[in-house]
Amino acid sequence: MSSSALQLAPDERARTVEELQARISAMQATGLGTRTLPTRPELAPLLPGGALKAGVAYAVPDSLTLAMLLMAGPSAAGGWCAAVGVPDFGIEAAAGFGVDLDRLVLVPQPGEHWLAVAAQVADVLPVVLLRPPARAAAGDTARLASRLRQRGSTLLVLGPWAQAEATLEVRTTAWTGIGTGSGYLAGRDVTVTVTSRDIRSVHPVRIRDDQWRIEPPAVAARLEAV
């Protein structure tokens, strides 16, 4: 084949590039990252796309409770979950939120090789909760992100994470049900800030009797104004 046969006119090159881009987009659209995991319906408004995605990471920097709730949907649907580097993971609380303890693996002290342990667990389990004891290098998180995509596992990180699909942070919290020196705690109102690659939004979420409910937008505006 002569070199002239490989040469294309500018408009032909443009069409070829567009066709290749379309094919790549189509392949990405059917990749692991577009599959979703069962998600509790009251948490769906917090997540980009309305559900947990397979093959990506989510950062939940300051709330083990919120992380347990995110685990509960896949777990209740039959998926295995793991908690790596979370020695204070309360199994009674997790069970109360809907996590199936029969399909839960705990690795409370992974040691200095915590990232490798998390990667190995993600090879075999669909949902892994991780509390990093230190900041991971960019190259390490990129390699783990590639591994998650290949295996279709979802990583929930109790801390900041450079490769996060979205970050869910509890900004404000207030207990209800107790008066001045008397009464019982009946619930907790929290405001969750969601930051993703595409959106940034604030959702007030009410926890009452272990059930989370997303408040309507009118209430959200009023709470933010306060």
Participant: Taking all non-hydrogen atoms of both residues into account, name the closest pair between Pro74 and Val127 and its distance.
Facilitator: CB-CG2, 3.8 Å

Participant: Could you check whether any side-chain heavy atom of Leu144 comes within less than 4.5 Å of a side-chain heavy atom of Trp161, counting everything from C-beta outward?
Facilitator: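 A side-chain contact under 4.5 Å exists here.
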
Participant: Within the structure provided, determine whether Met71 and Leu156 are in side-chain contact (heavy-atom separation under 4.5 Å).
Facilitator: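 Yes, at least one pair of side-chain atoms sits under 4.5 Å.
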
Participant: How many angstroms lie between OG1 in Thr39 and CG in Leu69, if you round to the nearest 0.5 Å?
Facilitator: 11.5 Å

Participant: Minimum heavy-atom separation for Ala59 to Gly159, with atom names?
Facilitator: CB-O, 3.4 Å

Participant: Heavy-atom distance under 4.5 Å between the side chains of Val105 and Val121, does that happen here?
Facilitator: no

Participant: In this structure, are over 12 heavy atoms from other groups packed under 6.0 Å from Leu101 atom CG?
Facilitator: yes

Participant: Over all heavy atoms of both residues, which pair between Gly50 and Ala44 is shortest? Give the atoms and the distance, please.
Facilitator: O-CB, 3.1 Å

Participant: Kindly compute the distance separating CG (Asp140) from CD (Gln163), expressed to the nearest 0.5 Å.
Facilitator: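 Reported value, rounded in 0.5 Å steps: 11.0 Å.
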
Participant: Give a yes or no on whether the backbone of Lys53 and the side-chain of Thr154 come within a donor-acceptor separation of less than 3.5 Å.
Facilitator: yes

Participant: Can you confirm whether Leu47 sits close enough to Leu168 that some side-chain heavy atom of one is under 4.5 Å from a side-chain heavy atom of the other?
Facilitator: yes

Participant: Quick check for you: to the nearest 0.5 Å, what is the distance between Leu70 atom CG and Tyr58 atom OH?
Facilitator: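 With rounding to 0.5 Å, CG (Leu70) is 9.0 Å from OH (Tyr58).
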
Participant: Closest approach of Ala54 and Gly152, non-hydrogen atoms and distance?
Facilitator: CB-O, 3.5 Å

Participant: Does a side-chain heavy-atom distance below 4.5 Å link Asp88 with Arg131?
Facilitator: yes

Participant: So do the side chains of Val157 and Pro132 get within less than 4.5 Å of each other, counting heavy atoms only?
Facilitator: yes

Participant: Decide yes or no for Thr65 and Phe97: does some side-chain heavy atom of the first lie under 4.5 Å from some side-chain heavy atom of the second?
Facilitator: yes

Participant: With a 3.5 Å distance limit and no angle check, can you tell me whether Thr141 reaches the backbone of Ala138 through a side-chain donor-acceptor pair?
Facilitator: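 Flag set: sc Thr141 to bb Ala138 pair under 3.5 Å.
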
Participant: Taking the side chain as every heavy atom from C-beta outward, state whether Thr167 and Pro61 have any atom pair closer than 4.5 Å.
Facilitator: yes

Participant: Can you check whether Asp100's main-chain N or O pairs, donor with acceptor, with Ser75's side chain at less than 3.5 Å?
Facilitator: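 Checking the backbone N and O of Asp100 against the side chain of Ser75, a donor-acceptor pair under 3.5 Å is found.
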
Participant: What distance separates Arg147 CZ from Gln120 CD, expressed to the nearest 0.5 Å?
Facilitator: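 Answer rounded to 0.5 Å: 6.5 Å.
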
Participant: Suppose we screen for salt bridge (Lys or Arg N to Asp or Glu O under 4.0 Å). Which residues come up paired with Asp102, at least two apart in sequence or across chains?
Facilitator: none

Participant: Report the distance from atom CG of Leu158 to atom CG of Leu129, rounding to the nearest 0.5 Å.
Facilitator: 4.5 Å

Participant: Looking only at heavy atoms, which two atoms of Leu125 and Ser153 are closest? And how far apart?
Facilitator: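 For Leu125 and Ser153, the tightest heavy-atom pair comes out as O-OG, 3.0 Å.
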
